[in-house]
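Input: a single structure, listed below in structure tokens.
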Amino acid sequence: MAFTFAALCFLLAMIITAVLIFLAIFHMIAFDELKTDYKNPVEQCNTLNPLVLPEYGLHMFISFLFMISGSFWTLMYNVPLIAYHVMRYRKRPVMSSHGLYDPTSIMNADELSYNMREGWIKLAFYLISFFVYLYM
């Protein structure tokens, strides 16, 4: 049994997914701190906005690896989240820097609950992905 390129892609995807799980947990903790008033919105957005593009880039890199390795089922598994990331980034608030979170609207109860729900869903997706990649 040989170590193939597809096996290397799944190994890299598993490692990168562990990093994405860490980022999702960090986002959840950050929004919980914001909800309980441990941090102010400006500081929170300055902390979270630089992490958005690396998260999206890592997830797209995983999908690119699956595309060039020929693992199309796994690629199709990742496409809905990529489409959501693209849609979410295109509809981001107008700011001077890159990111999704605007300090003036992040404390809105609807926006905060939406971001918390999004974080939990991403965390569940990344955890399932981690175990799928581990199995493959």
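In this text the structure is predicted, and so the values were computed from the model without any measurement.
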For this session: Report the residues that fulfil side chain to side chain contact (heavy atoms under 4.5 Å, CB included) with L112, sequence neighbours left out, ordered by chain and then residue number.
Result: F31, L34, K35
Problem set entry | side chain to side chain contact (heavy atoms under 4.5 Å, CB included) involving M14 - partner list, sequence neighbours excluded |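 Side chain to side chain contact (heavy atoms under 4.5 Å, CB included) list for M14, sorted by chain: L11, F130, Y133, L134.
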Is there a continuous path of hydrophobic side-chain contacts, each under 4.5 Å between heavy atoms, that joins [X] to [Y]?
X    : Y   : answer
Y126 : I25 : yes
I62  : L58 : yes
L23  : I82 : no
L20  : F26 : yes
M67  : V86 : no

Exercise. Under 6.0 Å between ring centres, would you say that holds for Y77 and F125?
Worked result: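 Close enough - the centres of the two rings lie under 6.0 Å apart.
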For this session: Scan residues 12-32 for pairs that pass side chain to side chain donor-acceptor pair (under 3.5 Å), counting only residues two or more places apart or in two chains.
Result: none
For this session: Sort and list the pairs that fulfil side chain to side chain donor-acceptor pair (under 3.5 Å) and have at least one residue in residues 60-69, not counting sequence neighbours.
Result: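 Applying side chain to side chain donor-acceptor pair (under 3.5 Å) to every pair that reaches into residues 60-69, excluding sequence neighbours, yields S69-S71.
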Going from [atom1] on [X] to [atom2] on [Y], what distance comes out if it is rounded to the nearest 0.5 angstrom?
X    : Y    : atom1 : atom2 : result
K122 : L81  : NZ    : CG    : 6.5 Å
I121 : M116 : CD1   : CE    : 12.0 Å
I16  : L12  : CD1   : CG    : 5.5 Å
N40  : E33  : CG    : CD    : 11.5 Å

For this session: For the pair M28 and W120, evaluate side chain to side chain contact (heavy atoms under 4.5 Å, CB included) and give the outcome as yes or no after the intermediate values.
Result: CA-CA 7 Å; M28 294 302 302; W120 281 111; 2.8 Å; yes
Problem set entry | Partners meeting side-chain hydrogen bond (donor to acceptor under 3.5 Å, both in side chains) with R88 (sequence neighbours left out) |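 Partners of R88 by the side-chain hydrogen bond (donor to acceptor under 3.5 Å, both in side chains) criterion, ordered by chain and then number, come out as N115, E118.
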Exercise. When you measure from the side chain of R90 to the backbone N and O of M87, does any donor-acceptor pair fall under 3.5 Å?
Worked result: no
Problem set entry | Summary of salt bridge (charged side-chain N to carboxylate O under 4.0 Å, His left out) pairs that have at least one residue in residues 13-24, sequence neighbours excluded |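 For residues 13-24: none.
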Problem set entry | Over-ring placement of R117 relative to Y114, 6.0 Å and 45° cut-offs | no
For this session: Could you tell me whether F64 atom CZ has more than 12 heavy atoms of other residues or ligands within 6.0 Å of it?
Result: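 No, because the 6.0 Å sphere around CZ of F64 holds 12 heavy atoms or fewer from other groups.
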Problem set entry | Among F61, F10, W73, the one residue meeting side-chain contact (heavy atoms from CB on, under 4.5 Å) with F66 | F10
